[in-house]
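In listed order, ligands and their atoms are each counted from 1. Quick caveat: nothing in here was measured; it's all calculated off a predicted structure. Along the sequence shown, residues carry numbers from 1. No hydrogens, no waters, no symmetry mates; every other heavy atom, side chains included, goes into these values.
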Amino acid sequence: MKKITLIKGDGIGPEVTACAKKVLDLLVDDLIWTEVSAGLETLEKYGELIPKAVFDSIEETRLVLKGPLTTPIGEGFRSINVMLRKKYDLFCNMRPALTIPGVVSRYEAIDLVIFRENTEDLYAGIESRTDEDTRHSIKVITRKGSTRIIKAAFEYALAHNRHKVTLVHKANIMKETDGLFLQVGREIAKAYPDIVFEGIIVDNMCMQLVMNPHQFDVIVTMNLYGDILSDLCAGLVGGLGVVSSANIGDNFALFEPVHGSAPDIAGKNIANPIAMLLSGAMLLEYIGYYNEGKALRTAIQEVLKDPSNHTTDLGGKCKTDAFTDAVCKAIAIGG
Ligand code: NAI
Ligand code: MG
């Protein structure tokens with residue numbers, strides 16, 4: 001028996017989380033879900049952004065599957081995503097960008113993993129108004145925060161036979177903050193002599209990723225660059241509809257797609273649920289259900305062999321619920 005908190009989210013969140021719950025229940029028969037609501041729609045309906053029940057459930061289960069949450073732009077409340085990552089110290093944001101057979105993209109055989117520091121940097125939310133026309137945002141980088149994410153990247157590389165860790169920074173300009181991150185990286189790299197280590201400046205990294213993504217393997221970086229680079233890497237493998245992520249700390253873990261609430265397509269039954277499903281696969285693997293995680297990945301690949309199962313973002317016409325049914329059928333056949 002495994003208890004999971006399910007945050008349905010805003011926009012396409014309820015559609016894609018419903019799909020993931022259905023599929024995970026088919027794969028594992030003793031999952032106990034607590035479904036909770038948070039976010040913009042919860043605020044509008046119940047006057048609360050995050051009801052206490054959400055925290056209570058997370059503190060009980062310590063395991064979360066989460067749909068995307070809308071954050072107002074340029075005004076309004078602070079991001080709940082950032083708040084949850086900080087509150088539960090989910091310092092390690094792991095975002096694989098992996099080519100899925102059947103998904104057409106500009107590149108073949110991409111297999112990158114981004115390790116993004118998830119609690120510091122400009123996302124610490126230390127912003128102020130000196131006066132109406134002058135605003136400050138403080139970038140926070142610590143040795144502790146840098147050490148744990150860079151170690152996580154190297155440990156992952158070691159455990160998965162990866163040959164290279166690339167650290168992305170802008171230490172030529174931000175000599176103190178990014179300088180510390182790079183310095184910690186160089187120190188940690190010495191303990192992993194069999195893994196190639198390189199530092200690269202973030203703007204060059206963007207160009208290199210588009211020109212020749214195959215030169216990279218494991219990527220480790222700070223919060224903001226990691227956020228931007230993970231959408232860039234999503235673009236290498238077919239878009240935001242297919243990339244998943246894990247947010248892992250010492251005591252809690254939260255799995256969610258890389259994409260946001262996609263208000264432009266919400267409520268139309270056309271969202272691609274693959275990103276959410278793969279986040280579910282990562283969750284299953286995290287709690288030790290390796291065969292079930294693999295069965296889910298295989299089922300998605302099987303279903304994608306038929307282009308009539310491709311959702312709009314992948315160039316097809318398949319609806320979210322029809323894709324979900326096709327995955328359930330493939331799982332049932334796969335046994
Ligand atoms: P977005 O990821 O929601 O959408 C970007 C584009 O990708 C849109 O054209 C959208 O239709 C498409 N897209 C995203 N997911 C898709 C899917 N599963 N299937 C098909 N197409 C998909 O990013 P955007 O528009 O910048 O942000 C919208 C809202 O989401 C904002 O309020 C933002 O704060 C929030 N957000 C939340 C995140 C989270 O909860 N972890 C992460 C990123 C954004
Ligand atoms: Mg993002």
Quick one about [Y] and [X] (side-chain donor to acceptor, distance below 3.5 Å, no hydrogens or angles considered), yes or no?
| X | Y | result |
| --- | --- | --- |
| Thr324 | Asp321 | no |
| Glu117 | Ser146 | no |
| Lys86 | Asn118 | no |
| Glu15 | Asn269 | no |

Is the closest basic N to carboxylate O distance between Arg116 and Asp227 below 4.0 Å? yes

Those residues at least two apart in sequence (or on a different chain) that pass side-chain contact (heavy atoms from CB on, under 4.5 Å) with Asp29 are none

* ring pair (Phe, Tyr, Trp, His ring centres under 6.0 Å) against Tyr88, all qualifying residues, sequence neighbours excluded ->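 For Tyr88, the residues satisfying ring pair (Phe, Tyr, Trp, His ring centres under 6.0 Å) (neighbours in sequence not counted) are Phe252.
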
Q.
Looking at Asp178 and His169, would you say the former's side chain and the latter's main chain have a donor-acceptor pair under 3.5 Å?
A. no

Hey, which residues fall under 4.0 Å of ligand 1 on heavy atoms?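 Residue list for ligand 1: Ile12, Lys66, Pro68, Leu69, Thr70, Thr71, Asn81, Arg85, Leu240, Gly241, Glu256, Val258, His259, Gly260, Ser261, Ala262, Pro263, Asp264, Ile265, Ala271, Asn272, Asp313.
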
Note on the Mg ion (ligand 2): protein N/O/S atoms within less than 2.8 Å are Asp227 OD1

Which label fits Phe154 and Tyr192: parallel for a plane angle under 30°, tilted from 30 to 60°, or perpendicular past 60°? parallel

